[in-house]
Every structure is written in structure tokens, then in C-alpha cells.
Amino acid sequence: MKDISESDLQNNIPLVCRQDYKREVIAGNVEIGGKELTHMAGPCTVESRDQILETAKAVKEAGATMLRGGVFKPLTFPYGDPLGQPDAGAKGTGLDRNVVMTLPEMFKAAEKRLAYLREAGEKYGLAVVSEITYASSIDMMTDYVDMFQIGYRHMFNMDLIEVLAKTAKPLLIKRHYGESLRSLLGVCEHFEARGKHNFAICERGVSVAHTHNVDSRAILDIQAIPALKEYAPSVPVIIDPSHATFKRKYVAAMSRAAIAAGADGLLIEVHPDPEQAWVDPLQALGFSDFSNLVSELDGIRNVITP
Ligand code: PEP
Ligand code: MN
């Protein structure tokens, strides 16, 4: 892995690394990277209308300004419900675990859930962010989201880069766990070079061999926060402690550390009944844990930026 060199700054990533540039990243009515912290919260997967409405209400009351929720889940294995419901076939929901859903079927199911997400966002005044995994879903998704999330698996996906460079909506670009800041800034530069400037970066943990044990999945790269602020000061930095730690009990500590280190906000998984979450049940926070955490984070922010 190479360090960022002077030559990179001049030739490879000059736009994203501009030092005196005011970048406006606005999702719905939420300014990301401004004075206020941006708390993006919600379930890994939009499971039902009730689930997302209940979550939106709780995270809004806790102080979140954005609602997150996946409808296209980039799951590890192909069988079962591509939206993430465990044992969907076994539960008699009509999905056969050995049948892979067709793309039109998947888009239809995803759109239904996006409509719930949008409804919940509108009802509680929350801007909405959701991951895009298929370039061809962009028109359908555009009607429902205020911000597109690029998952870590898709950081280098040129189809997505091409279509997302053309949307007016802002982007949340997740760093792959095995990629350097140099590569991440290279992806940002791909957008800049195509005239797309309203994006934020999301750090969600880097992989180190010895972290692959039962207690953690990745190491949250806290140092990436001041490093990104040094190289690319105009780009808002969002930290995702949920996917980095994979463990609910570590989420609060990592969130506090991220805000203390200068992050502009957090992407946190919150679920009405975390242990029953369809996807990522080990890491989601319940409503009261999230609410307590937000108060602490706002307090930390006030200490470091009086
Ligand atoms: C997510 O935010 O739900 C997600 C799948 O993220 P990542 O790409 O970081 O795994
Ligand atoms: Mn998740």
C-alpha cells in the first residue's frame, strides 16, 4: 500500500484534496459536514412498514437527522430472501430458499420497502439514505432517497460511479476494509473528475488479520479522521461503528472516539428489537441505548468545537 505523495496531490487527487474549497453536501434538508453532527440511524434492513415507522420516530426523538435502511442487501450467500429475512422459505413466506429472485422481482420488493422508508422519513422529518447495489436501479431509487450509499463492496464499481456521477443527490462513499485512504480518495477523484462534488466518506473499519476472532470484525480506523481532514478537508467524514465493530457493546465507545477525533457524524444501526433484526442482529442498538449515546456525542462535540 502506498502513502499519499506530493505527486498524488498534484496529479492524481488534486480536486478532492483542494484545501480552500467549500463543499456543500446536503441531503434533503440536512447539511452534512456543517456545524451540527449528522446522526444517520436506522435498521440494517427495512423489514416492514411498522418497523421503519417505529424506528424513525425513536431516532428522531433521540436527535438523529437522517434515517438509514437497506433494501438491497449485498448478502454473502445467494439463497433465501435477498432482502435479508432469515429462513424466509422456512417461515412460509412464499420464498423458496433454493430459488434466486429475479431482478424484476427484487426491484419490486425493494421499491415497496423504499416507499416505507420514504414515508417514515417524511412523517418524522428525516432525510433518507439507502444503499444502491445495481446501477440500473438508480431511476427507481431516486424517487425515494435523499442520499445514495455506496457499500464497501462497491467502492470501485465503475457502473455505479458512472450513474451516480450524474445524479444530483449526494453520495455516502464507504471505504472498503482493505483499501488505503489513497485509493479511497482516488474513487472520490473519479467523481470530482466527472463533475460530481456532493459526497461524504464513510469509514467502517479496516481489516487486520488478528481481528478476525469472535470479539471483533475490523478495526475502526480512527486515525483516518484527522488524516482525511488533512488531505481532503472539504469532504465530510462519517463513521460507521456498527459495521466496524459488529458488536453492540462496542458501538458507544467507538462512536465517542470518532466524534472526539473530529468526525462529522455517524451511521449507526438501530432496531426496535435488535436481537431479532433480520440482518446484523449483533450490532444494532435499541432505542434507549441510541438515545443515551446521542446525548453523549453532542456533549463531546461541544467540548471539542466550543
Ligand atoms: C450497510 O450499511 O448496511 C452495509 C451493508 O454497509 P457495508 O457496505 O459497510 O457493509
Ligand atoms: Mn448492516
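Scope of the values below: all heavy atoms of this structure, side chains included, with no hydrogens, waters or symmetry mates. First listed ligand is number 1; within each ligand, the first listed atom is number 1.
- Distances below 4.0 Å separate heavy atoms of Glu269 from the following atoms of ligand 1: 3 (O).
- When hydrogens are left out, the protein atom nearest atom 6 (O) of ligand 1 is Lys174 NZ, 2.8 Å; that is the closest non-hydrogen contact.
- With Phe199 as the aromatic partner, Arg23 meets the cation-pi criteria of under 6.0 angstrom to the ring centre and within 45 degrees of the ring axis.
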task = With salt bridge (Lys or Arg N to Asp or Glu O under 4.0 Å) as the test, would you mind laying out the steps for Lys229 and Asp264 before giving the verdict?
result = CA-CA 10 Å; Lys229 293 290 172 196; Asp264 297 291; 2.5 Å; yes
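- Using a 4.0 Å cut-off to heavy atoms of Glu131, the atoms of ligand 1 that qualify are 4 (C), 5 (C).
- Taking CE from Met141 and CZ from Phe72, the interatomic distance works out to 6.0 Å, rounded to the nearest 0.5 Å.
- There is a path of hydrophobic side-chain contacts, each under 4.5 Å, that joins Phe156 to Leu164.
- The contact set between ligand 1 and Arg153, taken as ligand atoms under 4.0 Å from a residue heavy atom, comprises 10 (O).
- The nearest protein atom to atom 8 (O) of ligand 1, hydrogens excluded, is given as Tyr152 N, 2.9 Å; this is a heavy-atom distance.
- Atoms of ligand 1 lying under 4.0 Å from at least one heavy atom of Gly151, given by number and element, are 8 (O).
- For the pair Glu105 (side chain) and Phe107 (backbone), a donor-acceptor distance under 3.5 Å is absent.
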Which donor-acceptor pairs under 3.5 Å do side chains of residues 9-19 form with protein atoms, sequence neighbours excluded?
{"residue": "Asn11", "atom": "ND2", "partner": "Ser7", "partner atom": "O", "Å": "3.2"}
{"residue": "Asn11", "atom": "ND2", "partner": "Ser7", "partner atom": "OG", "Å": "3.2"}
{"residue": "Asn12", "atom": "ND2", "partner": "Asp8", "partner atom": "OD1", "Å": "2.7"}
{"residue": "Arg18", "atom": "NE", "partner": "Leu15", "partner atom": "O", "Å": "2.7"}
{"residue": "Arg18", "atom": "NH2", "partner": "Glu192", "partner atom": "OE1", "Å": "2.9"}
{"residue": "Arg18", "atom": "NH2", "partner": "Glu192", "partner atom": "OE2", "Å": "3.4"}
{"residue": "Gln19", "atom": "NE2", "partner": "Cys17", "partner atom": "O", "Å": "3.2"}
{"residue": "Gln19", "atom": "NE2", "partner": "Glu230", "partner atom": "O", "Å": "3.2"}
{"residue": "Gln19", "atom": "NE2", "partner": "Tyr231", "partner atom": "O", "Å": "3.3"}

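- Of all protein N, O or S atoms, those under 2.8 Å from the Mn ion (ligand 2) number 4.
- Gln283 approaches Lys247 most closely through the heavy-atom pair CB-N, 4.0 Å.
- Heavy-atom proximity to Gln149, at under 4.0 Å, picks out these atoms of ligand 1: 1 (C), 2 (O), 4 (C), 6 (O).
- Summarising the geometry of Thr142 relative to Lys169, their closest heavy-atom pair is O-NZ, 2.7 Å, with the distance given to 0.1 Å.
- For atom 4 (C) of ligand 1, the nearest non-hydrogen atom of the protein is His243 NE2, 3.6 Å.
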For residues 133-140, tabulate all N or O donor-acceptor pairs below 3.5 Å that involve a side-chain atom, not counting sequence neighbours.
{"residue": "Ser137", "atom": "OG", "partner": "Tyr134", "partner atom": "O", "Å": "2.8"}

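- The contact set between ligand 1 and Arg204, taken as ligand atoms under 4.0 Å from a residue heavy atom, comprises 7 (P), 9 (O), 10 (O).
- Here Met66 is tied into one hydrophobic group with Val25, Val30, Ile32, Met40, Val129, Met147, Leu172, Ile238, Leu267, each link being a pair of ILVMFWY side chains closer than 4.5 Å.
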